[in-house]
S.K.: 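Take a look at the following structure, please.
Residue numbers start from 1 in every chain, and the chains themselves are labelled A, B, ... in the order their sequence lines are given, proteins ahead of strands.
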Amino acid sequence: MDLLLDAVIIGVLLGCFYAAVSIGLSVSFGLLDVPHVAHPAFLVLASYGVFFLNDSYDIDPLLAGVLITPLLFVFGLAAYRIYYETFERRGTDAAVRGIAFFFGIAFIIEVLIILHFGVDQRSVTASYIGKAWRLGDMRIPFRLVVAFAVATGLTLLLSVYLSRTFMGRAIRAVAQDEEAVRLMGANPVWIKQWAFGIATAVLGVAGALLIIVAPVEPTLDRAYIGRTFCVVVMAGLGSMTGTLIAAIILGVAESIVLTMFGASWAPAISFALLLGVLAVRPQGLLGRRS
Amino acid sequence: MKRGGAAFWIGAAAFLALVFLSTQIVSNEYPFFAGYVILQFIVLSVAWSILGGYAGYVNFGTSAFFGIGVYTAVFLVKVAGAPLGVQILVAAGVGALLGFALGLLTLRMQGIFFSIATIALTIIIETTVTNWRFVGGAAGIQLQRPPVTAPFHSYVQMLFFVQALLVVLAIAVSRYIQNSWIGHGLQALRDDELAAECTGVPTLRLKLLACVISGALMCAAGAPAAMYLQYADPSSAFNLNYSVTVLAMSLIGGTAYWAGPVVGAIVLGTTQQLLTVTISSEVNVLVLGVMLVVFVVGAPEGIIGLIRKVRNGGEGKG
């Protein structure tokens with residue numbers, strides 16, 4: 001029983017971390033319909049950026065994550081521009097060719113990381129990594145608590161941005177009805193580009209969390225394709241509250257399976273959940289559309 | 001069509017004769033070792049295109065089918081010491097079943113959701129095999145090749161010939177489908193699934209059929225790989241690289257015509273073999289990514305599409 005309780009608590013913490021790494025995809029895939037399978041590759045790339053700053057200049061990983069955010073924002077703007085010019089504007093088959101395109105990008109990023117950093121696992125150093133809190137017999141790694149706090153903050157921040165600010169509302173308007181936005185005299189492409197930039201910029205801090213929680217390796221993005229898409233699809237495309245709830249469900253499920261059956265079954269959890277959701281309720285828990 | 005049919009079968013027979021002759025004359029094993037991989041990718045790409053090209057359903061489950069093929073062979077060898085022919089036949093049967101299951105499960109999913117579901121299926125199957133001790137689990141399993149049967153001198157040469165047979169089989173099936181009502185139905189549902197359904201095309205049954213055929217061929221192509229490598233482990237048998245490589249080959253060649261995936265597999269497969277030998281396997285993956293992006297962006301119709309455009313001299317746009 002205690003074991004189960006431990007698993008649930010760790011799972012909730014882990015889940016909030018999953019929310020942070022998925023929230024960008026929730027914008028790019030959930031709201032903008034971009035089949036962004038390279039999202040986890042961007043995430044891992046951001047982690048290596050954080051690793052580089054931490055390793056060479058001894059900058060705190062979270063601060064490093066914030067520092068690379070503007071860079072990622074610009075990167076996101078450029079990526080969407082290329083995607084738009086080559087696929088969305090031409091119309092046909094945008095989704096199908098888009099997946100192929102982003103898989104290509106993901107592979108290129110993987111190899112570039114391998115060529116530059118090697119295939120070894122990399123981790124960062126900071127004062128809060130390696131310590132743990134003790135609650136009775138329970139041991140909660142401090143790195144998970146940090147990830148939990150920052151992730152929750154990040155998710156709330158983005159959800160406030162999308163619902164309270166002018167630009168955030170514009171992004172949701174584009175997601176709802178692009179044509180109507182065009183008729184209002186706004187440029188939907190520019191708004192979507194901005195949104196994609198935001199979705200990529202968030203990966204700065206998310207990437208920092210990724211490397212804080214566990215060491216990263218160049219092909220780590222493959223495991224996160226399942227996790228991030230599972231969260232976003234389960235959440236219902238584009239719902240920020242849904243993202244947090246779905247991520248916690250995934251975190252708890254993974255943590256329980258890990259405790260009960262062992263680590264070797266863990267990779268299948270997110271994909272099994274994803275497949276279940278797709279087969280039974282494709283619109284997600286808090287779906288945007290039917 | 002009939003004359004083209006005769007030419008095709010003469011070409012196929014000539015190809016097989018050439019392959020057979022080369023296994024008798026050339027004694028160096030390396031060309032067969034490298035060539036086997038290219039032939040294997042031709043089968044996979046052609047099989048992939050039946051669902052991915054004609055019907056437009058982008059399947060990322062190639063590695064699932066390939067891996068299941070490998071592990072069916074491993075299982076049969078371990079349990080009964082089954083010969084190669086039996087391994088391939090049973091693998092094809094299992095592949096057909098798996099394709100049927102995939103089809104049923106994803107019947108109502110379209111576009112990217114179908115693709116994501118196929119990735120999900122791959123990882124779930126991989127995880128299951130990883131946890132299956134009998135076939136070696138995560139550590140993998142070593143296999144012993146049986147003695148080679150006459151008239152071949154080495155096992156690799158025999159595998160090369162067997163894979164060449166599979167190539168001819170896969171192309172014949174794909175070519176038949178393209179020219180029959182099945183292919184026309186699949187193309188109709190790719191262009192507009194709703195409209196196809198309304199005009200009486202049995203879209204669900206056609207999709208299932210495409211899944212079954214494609215799956216059977218992919219598994220059959222995977223089965224000999226167990227004996228080729230004499231070793232199998234889940235993370236390489238189910239590697240996502242197979243899925244993306246096969247997708248890239250089909251897109252590079254062009255998916256609308258049966259020859260497209262063949263051309264794509266030869267071009268990319270040969271490039272990769274050369275790069276693996278001369279530089280490294282990482283650069284191999286880099287080239288895969290770059291070529292995928294370049295072709296998807298620059299030549300959506302693939303090499304076959306480019307050739308046709310040049311031939312038509314800019315006429316008949318669309």
S.K.: What pair of heavy atoms forms the shortest contact from Leu275(A) to Ala120(B), and how long is it?
M.R.: CD1-CB, 3.9 Å

S.K.: To the closest 0.5 Å, what do you measure between CD (Glu110(A)) and CG (Asn241(B))?
M.R.: 7.5 Å

S.K.: With a 4.5 angstrom heavy-atom cut-off, could you sort out which part of Ile105(A) is near chain B: side chain, backbone, both or neither?
M.R.: both

S.K.: Which value, rounded to the nearest 0.5 Å, describes the distance between Thr127(B) atom OG1 and Phe271(A) atom CZ?
M.R.: 8.5 Å

S.K.: To the nearest 0.5 Å, how far apart are CG in Leu278(A) and CG in Leu121(B)?
M.R.: 11.5 Å

S.K.: Do you know which of Ile125(B), Thr122(B), Val285(B), Leu105(B) has the most heavy-atom pairs with chain A at a distance under 4.5 angstrom?
M.R.: Val285(B)

S.K.: I'd like to know which of Leu247(B), Leu240(B), Thr130(B) tops the heavy-atom pair count under 4.5 Å against chain A.
M.R.: Leu240(B)

S.K.: Any side-chain heavy atom of Val297(B) within less than 4.5 Å of one from Glu85(A)?
M.R.: no

S.K.: What part of Phe101(A) is in contact with chain B, defined as an atom under 4.5 angstrom from a non-hydrogen atom: side chain, backbone, both or neither?
M.R.: both

S.K.: Could you go step by step and tell me if Ile119(B) and Phe103(A) meet the side chain to side chain contact (heavy atoms under 4.5 Å, CB included) rule?
M.R.: CA-CA 12 Å; Ile119(B) 302 178; Phe103(A) 252 113; 3.9 Å; yes

S.K.: Are more than 12 heavy atoms, taken from residues, nucleotides or ligands other than Tyr231(B), located less than 6.0 Å from that residue's OH atom?
M.R.: yes

S.K.: Which distance, rounded to the nearest 0.5 Å, do you find between the CZ of Phe107(A) and the OG1 of Thr245(B)?
M.R.: 6.5 Å

S.K.: Can you name the nearest heavy-atom pair linking Leu251(B) to Ala100(A), along with the distance?
M.R.: CD1-CB, 3.5 Å

S.K.: Which distance, rounded to the nearest 0.5 Å, do you find between the CG of Asn131(B) and the CZ of Phe261(A)?
M.R.: 10.5 Å

S.K.: Using non-hydrogen atoms and a 4.5 Å limit, figure out which bit of Ala117(B) sits close to chain A: side chain, backbone, both or neither.
M.R.: both

S.K.: So which residue, Val283(B), Thr106(B), Ile116(B), ends up with the most heavy-atom pairs under 4.5 Å with chain A?
M.R.: Ile116(B)

S.K.: Kindly compute the distance separating CD1 (Ile108(A)) from CG (Leu288(B)), expressed to the nearest 0.5 Å.
M.R.: 9.0 Å

S.K.: Flag yes if more than 12 heavy atoms outside Leu71(A) fall under 6.0 Å of its CG atom; otherwise flag no.
M.R.: no

S.K.: Between Thr86(A), Leu115(A), Ile269(A), which residue shows the highest count of heavy-atom pairs closer than 4.5 Å to chain B?
M.R.: Thr86(A)

S.K.: Name the region of Leu274(A), side chain, backbone, both or neither, that has any atom closer than 4.5 Å to a heavy atom of chain B.
M.R.: side chain

